[in-house]
**Q** 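Below is the structure I would like to discuss, written out as structure tokens.
A note on names: the letters A, B, ... follow the listed sequences, proteins ahead of strands, and every chain is numbered from 1. Please read all numbers here as calculations on a predicted model, not as lab measurements.
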There are 2 protein chains.
Amino acid sequence: MPTLMEIARSGNITDEMIRVAKIEDCSPEKIRERIARGVVIVPRNEIRENIRIVGIGEGLSTKVNVNVGTSTMVVNVEMEEEKVKTALKYGTDTIMDLSIGGDLDGIRRRLLSIANVPFGTVPIYQAFIDVTKKSSAGIYMTEDDIFNVVERHLKDGVDFMTIHAGITKELVAKMRKTKRLAGIPSRGGTILAAWMLYNDQENPFFKNYDYLLEMLAEYDAVISIGDALRPGAIADSHDYFQLSELLNVAELVRRAWDKGVQVMVEGPGHVPLNEIAADVRIEKAICRGAPYYVLGPLPTDVAMGYDHIAAAIGAAIAAAEGADLICYLTPAEHLALPTPEQVKDGLIAAKIAAHAGDIVKLGAKAKEWDFRISKARAGLDWSTMYELSMDKERAKKIHEQFGASSKGPCTMCGDLCVYVLLSKFLKED
Amino acid sequence: MPTLMEIARSGNITDEMIRVAKIEDCSPEKIRERIARGVVIVPRNEIRENIRIVGIGEGLSTKVNVNVGTSTMVVNVEMEEEKVKTALKYGTDTIMDLSIGGDLDGIRRRLLSIANVPFGTVPIYQAFIDVTKKSSAGIYMTEDDIFNVVERHLKDGVDFMTIHAGITKELVAKMRKTKRLAGIPSRGGTILAAWMLYNDQENPFFKNYDYLLEMLAEYDAVISIGDALRPGAIADSHDYFQLSELLNVAELVRRAWDKGVQVMVEGPGHVPLNEIAADVRIEKAICRGAPYYVLGPLPTDVAMGYDHIAAAIGAAIAAAEGADLICYLTPAEHLALPTPEQVKDGLIAAKIAAHAGDIVKLGAKAKEWDFRISKARAGLDWSTMYELSMDKERAKKIHEQFGASSKGPCTMCGDLCVYVLLSKFLKED
């Protein structure tokens with residue numbers, strides 16, 4: 001069966017394309033043409049039903065992703081379900097299950113069943129963990145172990161998966177001889193790096209990339225090429241390793257397109273503010289416009305406890321410059337597994353960043369929301385303001401924290417409210 | 001007595017300059033030369049004692065300001081004192097008292113006595129309120145009423161004051177005939193606008209600007225020229241009124257320098273992300289490098305309940321581009337008077353923005369902090385990480401929220417921690 005990309009190339013318009021066009025307020029033909037070129041993707045596993053159709057890429061609104069999942073130290077499936085529900089309530093566009101603790105197959109299937117948005121995973125985690133359970137150390141996993149997990153995820157309906165196919169044995173060996181402050185901050189990248197060096201073998205995803213693409217094509221799933229060698233510290237930003245991996249990734253993007261497989265590219269981790277726009281432009285240039293899925297970018301390493309704010313700064317700049325999907329960070333980043341409340345905080349920060357970027361990227365189409373809320377504000381129309389905010393309960397709660405009424409000025413300015421004062425003394429001209 | 005600016009111009013180096021140079025890690029001569037040119041200011045009323053010396057401007061680290069103060073609807077002086085203490089605990093560089101409710105003289109003096117950092121006010125508020133109490137409507141205030149309050153604040157030791165001297169009767173009249181979505185979002189600007197139109201008089205601060213400067217010079221206080229016509233909505237960004245006022249302000253900066261009065265410029269309110277860098281450059285160009293005190297910038301109007309995050313996005317970009325002082329916004333912005341906890345949230349967001357900007361602005365000097373925290377992170381050295389964070393209690397609390405120990409990996413990755421995994425299987429080369 002042809003993939004969505006192949007259908008688009010043949011000139012045909014599908015239901016998915018029509019739905020994306022409607023959501024993004026443009027013509028289906030535009031969406032078709034961008035899918036054909038690879039600059040827009042629509043993550044949807046062939047076998048998934050009841051999934052919201054989400055377009056990601058050039059000319060579309062910036063989307064946000066929420067990561068959930070158990071850890072080896074905290075396995076509370078009900079809490080992870082609650083995180084999925086929170087993420088959906090506050091409008092996430094995609095969800096990734098990064099579980100590494102408990103019954104991984106069972107957890108993935110449970111979360112998949114409640115998440116009606118594109119759903120992603122990182123199969124290498126499970127491959128490593130399953131083998132650790134079987135034979136004491138994940139490092140003994142075989143190539144078959146790895147691809148079997150990929151297949152299991154595809155069969156379950158996973159829509160996109162992070163695959164660290166751009167990190168090679170040569171790059172890892174070279175990196176080990178270099179002083180890199182934060183090493184390899186990617187969990188999947190680290191598993192592969194350890195495996196490659198320990199077993200003196202090439203990255204199985206790099207080595208068997210065509211085979212992997214064939215598997216993905218069968219389910220029409222999206223490959224999200226992981227950035228194993230992203231900088232985990234400002235000091236490591238845009239070093240030899242980050243950019244070398246990106247060069248590999250660009251070639252992998254081209255090969256995915258050759259096989260009709262939709263692809264996006266992950267990046268860039270911790271980078272100074274003045275390198276963020278450049279980073280996005282470089283990704284877009286060398287990967288020929290492949291959608292960019294940004295983690296962070298974090299413009300500082302010091303914001304522990306508030307990394308969702310640091311990430312929002314970076315993500316807004318990235319989105320304005322063309323990043324297509326923002327992976328949220330929570331206040332617990334670098335510290336702990338997040339709580340559902342922290343998931344919400346992280347998601348809303350990411351959505352603010354996405355919208356600030358969209359005002360630049362999409363212009364009037366995005367500004368409409370700001371216009372409506374500011375019009376309501378100038379009219380002291382609180383109920384409309386609540387209705388238009390990302391978190392109505394919180395807006396109302398704060399507005400009323402010192403007992404303001406639902407009519408008239410707020411407790412900040414009271415009688416000196418700018419929207420009361422001028423009209424009090426002056427008639428409209 | 002000569003002002004600091006006049007002393008600097010005469011080539012002499014004062015104790016303040018030496019202290020700023022030490023804090024900023026540069027030579028006193030550089031500080032002297034920048035004060036002489038007006039591109040660095042050191043806000044300190046002649047009569048203030050026990051005040052931290054803070055330099056603001058070119059080549060220095062980005063500073064942050066916290067606003068506190070009662071409103072007409074909520075007068076709780078103890079709470080405002082708590083806000084000052086919270087702001088000092090979490091490292092604010094300056095504080096402004098924007099009180100408009102209760103015994104304004106008493107409150108200002110109480111807050112001044114506990115705030116050992118440069119302290120600012122907006123005298124027009126009190127002028128208007130005092131006259132409202134005396135004669136039923138503030139609109140009847142005289143020029144003398146206004147300047148008497150300015151003098152009272154100076155005599156109390158106020159180090160800098162926001163004066164909306166750039167808004168003229170002509171601009172207000174013109175604006176009233178134009179559809180501006182959010183009107184005049186500035187409280188002081190609105191008071192003056194109403195007064196000018198109602199009384200058919202020119203802005204007293206504009207009209208008597210030289211007299212005002214002489215008063216300020218006597219106490220060597222800083223004038224912070226308010227941006228009455230800043231945009232209060234994305235739709236109003238960089239319109240005729242914002243830029244016209246800036247043209248007036250540039251001329252007022254020149255005149256302040258002629259009188260040896262230190263000056264900074266306030267701006268720019270709600271502006272789209274891609275206009276922020278341009279805004280800073282334009283201010284720096286037309287105001288000949290006068291320090292820029294930014295409110296926001298807010299790159300979206302929709303972040304109600306989370307405006308501290310939206311503001312952090314704008315402030316980081318502004319700081320990286322050269323903004324010198326960031327006015328924090330709290331999560332209660334546009335909604336209510338903030339609580340002490342919201343003051344803390346706003347301040348930390350502003351400090352993250354300032355530091356993200358400083359990494360660009362100051363390079364290695366600023367990155368040292370990131371380097372140290374990332375080194376501690378790679379070594380799983382939690383106590384050093386806490387010690388280096390902006391909010392130790394919160395970092396520790398989040399780290400331990402699912403019971404992680406103080407040694408080893410956090411509850412996010414557990415056994416799959418990237419800083420454990422690689423070293424477990426591979427010896428260091």
**Q** Around atom CZ of B/R372, are there more than 12 heavy atoms of other residues, nucleotides or ligands at under 6.0 Å?
**A**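 Open.
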
**Q** First locate atom CG of A/L416, then atom CD1 of B/I191, and finally report the distance between them rounded to the nearest 0.5 Å.
**A**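 These two atoms lie 4.5 Å from each other.
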
**Q** Please state whether the side chain, the backbone, both or neither of B/K375 comes within less than 4.5 Å of a heavy atom of chain A.
**A**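 Both backbone and side chain of B/K375 come within 4.5 Å of chain A.
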
**Q** Given heavy-atom pairs under 4.5 angstrom as the criterion, report whether the side chain, backbone, both or neither of A/A233 touches chain B.
**A**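 The answer is both parts of A/A233.
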
**Q** Enter the distance from B/I309:CD1 to A/Y306:OH here, rounded to the nearest 0.5 Å.
**A**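 B/I309 atom CD1 to A/Y306 atom OH measures 11.0 Å (nearest 0.5 Å).
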
**Q** At what distance, to the nearest 0.5 angstrom, does CD1 of B/I373 lie from CE of A/M304?
**A**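 If we round to the nearest 0.5 Å, B/I373:CD1 and A/M304:CE are 4.0 Å apart.
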
**Q** For A/K396, check side chain to side chain contact (heavy atoms under 4.5 Å, CB included) against everything at least two apart and list the hits.
**A**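 Result, side chain to side chain contact (heavy atoms under 4.5 Å, CB included) vs A/K396: A/Y386, A/E400.
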
**Q** So which of A/A316, A/A349, A/S389, A/A366 has the largest heavy-atom pair count under 4.5 angstrom toward chain B?
**A**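 Option with the top pair count is A/A316.
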
**Q** For the candidates B/P299, B/A137, B/G232, B/A235, which exhibits the highest count of non-hydrogen atom pairs separated by less than 4.5 Å from chain A?
**A**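 Sorted descending by pairs with chain A, the first entry is B/P299.
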
**Q** Using the side-chain contact (heavy atoms from CB on, under 4.5 Å) rule, take A/I359 and B/L273 through it: C-alpha gap first, then chi angles, then the decisive distance, then the call.
**A** CA-CA 8 Å; A/I359 287 174; B/L273 194 142; over 6 Å; no

**Q** Given heavy-atom pairs under 4.5 angstrom as the criterion, report whether the side chain, backbone, both or neither of B/L181 touches chain A.
**A**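 The answer is both parts of B/L181.
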
**Q** Heavy-atom pairs under 4.5 Å with chain A - which of B/R377, B/H399, B/M390 has more of them than the others?
**A**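 Ranked by contacts with chain A, first place is B/R377.
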
**Q** At a heavy-atom distance under 4.5 Å, which candidate from A/T339, A/N76, A/L388 has the highest pair count against chain B?
**A**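 When all of A/T339, A/N76, A/L388 are compared, A/T339 has the most.
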
**Q** Starting at CG of B/D301, measure out to CG of A/D370 and round the result to the nearest 0.5 Å.
**A**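 Going from the CG atom of B/D301 to the CG atom of A/D370 covers 4.5 Å.
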
**Q** If you compare all heavy atoms of A/Q401 against all heavy atoms of B/L337, which two are closest, and at what distance to 0.1 Å?
**A**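 Taking every non-hydrogen atom into account, NE2-O, 2.7 Å.
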
**Q** Does A/S71 use its side chain to pair, donor to acceptor, with the backbone of B/T411 at less than 3.5 Å?
**A**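 Here the side-chain-to-backbone pair exists.
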
**Q** At a heavy-atom separation under 4.5 Å, does B/A193 approach chain A through its side chain, its backbone, both, or neither?
**A**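 Both backbone and side chain.
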
**Q** Would you mind checking which part of A/A378 comes under 4.5 Å of any heavy atom in chain B, side chain (CB onward), backbone (N, CA, C, O), both or neither?
**A**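 When you check distances to chain B, only side chain atoms of A/A378 fall under 4.5 Å.
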
**Q** Name the option with the most non-hydrogen atom pairs under 4.5 Å to chain A; the candidates are B/P338, B/C417, B/G403.
**A**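 Among the listed options, the one with the most contacts to chain A is B/P338.
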
**Q** Chain B heavy atoms under 4.5 Å from A/L298: which part of the residue, side chain, backbone, both or neither?
**A**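 Contact with chain B: none, neither part.
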
**Q** Could you state the interatomic distance from NE2 (A/H334) to OG (B/S374), rounded to the nearest 0.5 Å?
**A**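 Separation between the atoms: 7.5 Å.
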
**Q** Could you walk me through whether B/F402 and A/M79 pass the side-chain contact (heavy atoms from CB on, under 4.5 Å) check?
**A** CA-CA 12 Å; B/F402 291 114; A/M79 183 172 75; 3.4 Å; yes

**Q** Would you mind telling me which of A/W382, A/F371, A/W369 has the largest number of heavy-atom pairs within less than 4.5 Å of chain B?
**A**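 Heavy-atom pair counts peak at A/W369.
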
**Q** Is it the backbone or the side chain of B/A336 that comes under 4.5 Å from a heavy atom of chain A, or both, or neither?
**A**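 For B/A336, heavy atoms of backbone and side chain both lie under 4.5 Å from chain A.
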
**Q** For chain A, which of B/C410, B/A194, B/G414 has the most heavy-atom pairs under 4.5 Å?
**A**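 The answer is B/C410.
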
**Q** Select one option (side chain, backbone, both, neither) describing which atoms of B/W195 are under 4.5 Å from chain A's heavy atoms.
**A**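 Neither the backbone nor the side chain of B/W195 comes within 4.5 Å of chain A.
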
**Q** Should the heavy atoms of other residues, nucleotides or ligands under 6.0 Å from NZ of A/K133 be counted, would the total exceed 12?
**A**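 Yes, because the 6.0 Å sphere around NZ of A/K133 holds more than 12 heavy atoms from other groups.
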
**Q** If we define contacts as heavy-atom pairs under 4.5 Å, which of A/D415, A/I313, A/I348, A/L421 has the most with chain B?
**A**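 Maximum pair count with chain B is reached by A/I313.
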
**Q** May I have the list of side-chain donor-acceptor pairs in residues 182-189 of chain A shorter than 3.5 Å, sequence neighbours left out?
**A**
residue : atom : partner : partner atom : Å
A/S186  : OG   : A/H164  : NE2          : 3.3
A/S186  : OG   : A/G189  : N            : 2.8
A/R187  : NH1  : B/M412  : O            : 3.2
A/R187  : NH2  : A/L98   : O            : 2.9

**Q** Counting heavy-atom pairs closer than 4.5 Å to chain B, which one of A/P331, A/P409, A/G69, A/G101 comes out on top?
**A**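 The candidate making the most pairs under 4.5 Å is A/P331.
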
**Q** A side-chain contact here means heavy atoms from C-beta on lying under 4.5 Å apart; do B/M385 and A/L335 qualify?
**A**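 Result no, sub-4.5 Å side-chain heavy-atom pair not found.
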
**Q** Roughly how far, to the nearest 0.5 Å, is CD1 of A/I352 from CG of B/D307?
**A**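 One finds 7.5 Å between CG of B/D307 and CD1 of A/I352.
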
**Q** Pick one of side chain, backbone, both or neither for A/Q342, based on which atoms fall under 4.5 Å of a heavy atom in chain B.
**A**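 Looking at A/Q342, just its side chain touches chain B.
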
**Q** Top residue by heavy-atom pair count (under 4.5 Å) with chain B, among A/I100, A/D345, A/D236?
**A**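 With the most close heavy-atom pairs to chain B, the winner is A/I100.
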
